Asks: 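I have a structure I would like to understand better, so I am pasting it below and will then ask my questions one at a time.
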Amino acid sequence: MNLETILATVVADAVKTIYSLEIAAEQIQLQKTKKEFEGELTVVIFPFVKASRKSPEQTGQEIGEYLQKNNQLISSFNVIRGFLNLSISKSYWLETLNTIHTSKQFGITTPTADAELMMIEYSSPNTNKPLHLGHVRNNLLGHSIAEIQKANGWKVIKTNIVNDRGIHICKSMLAWKLFGNGETPESSGLKGDHLVGKYYVIFDKAFKAEIKEMIENGLSEEEAKKSAPLILAAQQMLLDWENNDPEVRHLWETMNAWVYAGFDVTYKQMGVDFDKIYYESETYLEGKTEVERGVDMGIFNQRTDGSVWADLTADGLDEKLLLRADGTSVYMTQDIGTAKLRYVDYPINKMVYVVGNEQNYHFQVLSILLDKLGFEWGKSLVHFSYGMVELPEGKMKSREGTVVDADDLMDEMIESARETSQELGKLDNCTAEEIERIVRMVGLGALKYFILKVDPRKSMTFNPKESIDFNGNTGPFIQYTHARIKSVLRKALEQGIDFTNLSDTQLTISDKENYLIQLITEFPGVVRLSGEEFSPALIANYIYDLVKEYNQFYHDFTILKEENQNLKQFRLVLSETTASIIKTGMLLLGIEVPERM
RNA sequence: GGUCUGGUAGCUCAGCUGGAUAGAGCAACGCCCUUCUAAGGCGAAGGUCAAGGGUUCGAAUCCCUUCCGGAUCACCA
């Protein structure tokens, strides 16, 4: 039982005994004591004053006296206004630290054999352009959430649905066919995904030029958009693709292979991975079958032009297209097929989609459609809806060339990490390989932390002109603290100091040290909450708080030069435990921490 | 227009299941390396928590109204 539960129970007893007020332990308001007051935990007294019929101060005093008498954990208390501040005995903290220090995997719940299965879909790229900053947020969130859920005892399958087919893919294929002159990644030296993305942009430009010309020749914009030769050719290509035209299929396979080779590099650099990859080209037929079944069931309707629609007006939504008039499938069709196949492939207890909030409507509809189709899990899908990454000028737009490319961004971060460490001369006596490893860790750490420390539900701003910081509330700051602790621990080992265990739990320690232990004890709760809330930001902010406190301790106290051997040992144990939590926590964010930097 | 969502320091963000004097970082200013890594620490400065009303012993937090932003409502994905 943890400290707060114990205290809440005692407070409930106190209130019942003194004022005959029945209140469940969970209802007791217990919070961390503000720093400016004496004590570690605070009971809010206001809810009891009605029953006590006394002033908040007096009520607090009475409850405090009861607690001190009936629980030996409480060494002293004070009452300020309606707040009862409790001081917990130092030996409790020291013993707790000792337990944590000697336990493996503190805060982590390893999944058991019969644990429930959570499937988490993230990344989900289109194969017509390279990944940009928006995808980076998606990938980092998806990966981190998967790690966090594992640490909360879930079995997790990380999955990726690759949007490898569709009209957008045909656009880059068509442009390459028309204007590519046989260009390949090898011939151009371009990374495969970037090469294909180039032709997607070329298509768009040529398409716009056609429209402009047609408008000049008297057509309305709407007519021009529908009848421009390029768009008609792309639509024909999609039809040919669905009809298994060998030439189109061959081109498609070739260009997608280029893209996958490029994505592999990006994913590897980013440090994300998947247990199972689905491709839309392999699931969309299942979707079509389901839609047709829906038509037979009478829940979807086919119009005279052949297109198929779901009428969701009864659910307060609109009509939704499921199959085009030419019979080709759309995004929704594919998602229906993919969802069904996943439940066939795995015994899923919870399905989570990590997809931006611009698709809230899509997932609302998907859930309803699956439910209508008779899948009992349809309504239980979780759309983990995160906010967009915006530039100071607003949304990123690929056509206006304002997207921040994922590969470029990661490279830039690593380079500035290299520059900083050269300036500081910190890695002068490391091997080239070590430098490379550390510089990559730090550069990516800065990027990942920058993105993950923000509440995922909120949109966030990224200013490309101001490079991501390495000081203050940043990944490198945390990594640096870890490296600094490790350095001290290495020296302690060299000196043969034993800090495997605390030999004295009756030591007198400072408030700062005491508070650090208290923070350490909060880690499991933070891991649990971040899992429940799907928020890596909670872990990021917690680690930052811990590290900030530790740095103050590190500055104000000496460790290795402390003359009291037991105190020195305590500080080493405290430091090692802190380092271990930093490492575990950062790993839940997908961020590695170096031994030196 | 309908629906959803957001507005906290110059900037980027915490705090939001109601609790004490609203916190960090960056930027700008001033200090601290003969001492375990200064990517660090300390100090000072910076606020009408968009505005107004309501509920409450207590509101940045809950409710209503207004203002301002964003997303979405495609035979795009």
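Lettering follows sequence order; numbering is per chain, from 1. This one's a predicted model, so the numbers in the text were calculated from it and none came from an experiment.
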Asks: In whole Å, what separates the P atom of B:rG30 from that of B:rG70?
Replies: 40 Å
Asks: For B:rA9 versus B:rU56, give the span between their P atoms, rounded off to a whole number of Å.
Replies: 30 Å
Asks: Below 4.0 angstrom from OP1 or OP2 of B:rU37, is there any side-chain N or O of A:K491?
Replies: yes
Asks: Can you confirm whether the side chains of A:T42 and A:T33 place a donor and an acceptor under 3.5 Å from each other?
Replies: yes
Asks: Under 4.0 Å from OP1 or OP2 of B:rA39: is there any side-chain N or O of A:Y480 that close?
Replies: yes
Asks: Taking only the C1' atom of each, what is the distance from B:rG53 to B:rU21 in whole angstrom?
Replies: 26 Å
Asks: Could you tell me how far B:rC64 sits from B:rC57 if I compare only their C1' atoms? Round to whole Å.
Replies: 23 Å
Asks: Whole Å only: how far is the NE2 atom of A:H168 from the P atom of B:rC76?
Replies: 12 Å
Asks: Does A:R571 make a cation-pi contact with A:F557 (under 6.0 Å, within 45 degrees of the axis)?
Replies: no
Asks: Would you kindly give the CD1-to-C1' distance between A:I497 and B:rC36, to the nearest whole Å?
Replies: 10 Å
Asks: Counting heavy atoms from C-beta on, name the nucleotide in B:rA39, B:rA77, B:rU37 closest to the side chain of A:V442.
Replies: B:rA39
Asks: Kindly point out which of B:rC75, B:rU37, B:rC36 is positioned nearest to the side chain of A:A483?
Replies: B:rU37
Asks: Would you mind reading off the distance between A:E222 atom CD and B:rA74 atom P, rounded to a whole angstrom?
Replies: 13 Å
Asks: When you measure from the side chain of A:N126, which nucleotide among B:rA77, B:rC36, B:rG41 comes out closest?
Replies: B:rA77
Asks: Less than 3.5 Å between a donor and an acceptor, one on the side chain of A:K426 and one on the base of B:rU37, is that the case here?
Replies: yes
Asks: Any luck finding a side-chain donor-acceptor pair between A:E280 and A:T283 under 3.5 Å?
Replies: no
Asks: What is the distance, rounded to the nearest whole Å, between atom OH of A:Y554 and atom P of B:rG41?
Replies: 12 Å
Asks: Which parts of nucleotides 9-22 of chain B does protein reach within less than 4.0 Å, heavy atoms only, written one letter per nucleotide 5' to 3' as B for base, S for sugar-phosphate only and - for none?
Replies: ---SSS-B--BBS-
Asks: Within the side chain of A:R137, is there an N or O that forms a donor-acceptor pair under 3.5 Å with the backbone of A:G387?
Replies: yes
Asks: Provide the distance between the two C1' atoms, one in B:rA27 and one in B:rU65, to the nearest whole Å.
Replies: 38 Å
Asks: Looking across every strand, which nucleic acid part, if any, lies under 4.0 Å from A:Y331 by heavy atom: base, sugar-phosphate, or nothing?
Replies: base
Asks: Classify the ring geometry between A:F363 and A:Y353 as parallel (under 30°), tilted (30 to 60°) or perpendicular (over 60°).
Replies: tilted
Asks: Taking only the side-chain nitrogens and oxygens of A:R324, find out if one of them lies under 4.0 Å from OP1 or OP2 of B:rC76.
Replies: yes
Asks: Checking one value: the base orientation of B:rC33, syn if chi is within 90 degrees of 0, otherwise anti.
Replies: syn
Asks: If you check the A:K561 side chain, which of B:rU35, B:rC75, B:rC26 turns out closest?
Replies: B:rU35
Asks: Given the ring of A:W252, does A:R165 sit roughly above its face, with NZ or CZ under 6.0 Å from the centre of the six-membered ring and within 45° of the axis?
Replies: no
Asks: Using purine N1 to pyrimidine N3 plus N6-O4 or O6-N4 for Watson-Crick, or N1-O2 and O6-N3 for G-U wobble, each under 3.5 Å, what pairs with B:rA44?
Replies: none
Asks: In this structure, how many angstroms lie between the C1' atom of B:rA71 and the NE2 atom of A:H362, rounded?
Replies: 16 Å
Asks: Hey, does A:R457 reach any base, or is it just sugar-phosphate, or nothing, if we go heavy atoms under 4.0 Å?
Replies: nothing
Asks: Sticking with atom P, work out how far B:rU17 lies from B:rU12, rounded to a whole angstrom.
Replies: 25 Å
Asks: Whole angstrom is fine here: how far is it from CD in A:Q359 over to P in B:rA74?
Replies: 14 Å
Asks: Using both distances under 3.5 Å as the test, list the Watson-Crick or G-U wobble partner of B:rG1, or none.
Replies: B:rC73
Asks: So what's B:rA39 paired with, Watson-Crick or G-U wobble, going by both distances under 3.5 Å?
Replies: none
Asks: Of the listed nucleotides (B:rA39, B:rC73, B:rC4), which one gets closest to any side-chain atom of A:S421?
Replies: B:rA39
Asks: B:rG25, B:rA39, B:rC36: which one has an atom nearest the side-chain heavy atoms of A:T420?
Replies: B:rA39
Asks: Is any side-chain N or O of A:N471 closer than 4.0 Å to OP1 or OP2 of B:rG40?
Replies: yes
Asks: Between A:Y279 and A:Q334, does any side-chain donor sit less than 3.5 Å from a side-chain acceptor?
Replies: no
Asks: Please tell me which of the listed nucleotides, B:rC75, B:rU37, B:rG40, lies nearest to the side chain of A:W309?
Replies: B:rC75
Asks: Which nucleotide wins on minimum distance to the side chain of A:E358, given the candidates B:rG40, B:rG25, B:rA71?
Replies: B:rA71
Asks: Is it true that A:E436 and A:R440 make a salt bridge, defined as a side-chain N closer than 4.0 Å to a carboxylate O?
Replies: no
Asks: Give the nucleotide from the list B:rU37, B:rU72, B:rA39 with an atom nearest to the side chain of A:M597.
Replies: B:rA39
Asks: In the strands shown, is B:rG18 matched to any nucleotide by a Watson-Crick or G-U wobble pair with both distances under 3.5 Å, and which?
Replies: none
Asks: Please compare A:R490 and A:Y361 by the position of their nearest nucleotide in RNA chain B and report the one closer to 5'.
Replies: A:R490
Asks: Checking contacts here: which listed nucleotide (B:rC75, B:rC76, B:rG70) is nearest the side-chain heavy atoms of A:I167?
Replies: B:rC76
Asks: In plain terms, say whether A:E40 and A:K32 are close enough for a salt bridge, that is, a side-chain N and a carboxylate O under 4.0 Å apart.
Replies: no
Asks: I'd like the P distance from B:rU61 over to B:rA50, given in whole Å.
Replies: 8 Å
Asks: Please check if any side-chain donor atom of A:R457 sits under 3.5 Å from a side-chain acceptor atom of A:N357, or the reverse.
Replies: no
Asks: Tell me which of A:D305 and A:N357 sits closer to the 5' end of RNA chain B, going by the nucleotide each one is nearest to.
Replies: A:N357
Asks: Mind checking who B:rC26 pairs with, Watson-Crick or G-U wobble, both distances under 3.5 Å?
Replies: B:rG10
Asks: Rounding to an integer number of angstrom, what distance separates B:rG6 and B:rG43 when you compare their C1' atoms?
Replies: 36 Å
Asks: Between A:K448 and A:E592 (salt bridge meaning N to carboxylate O under 4.0 Å), is one present in this structure?
Replies: no
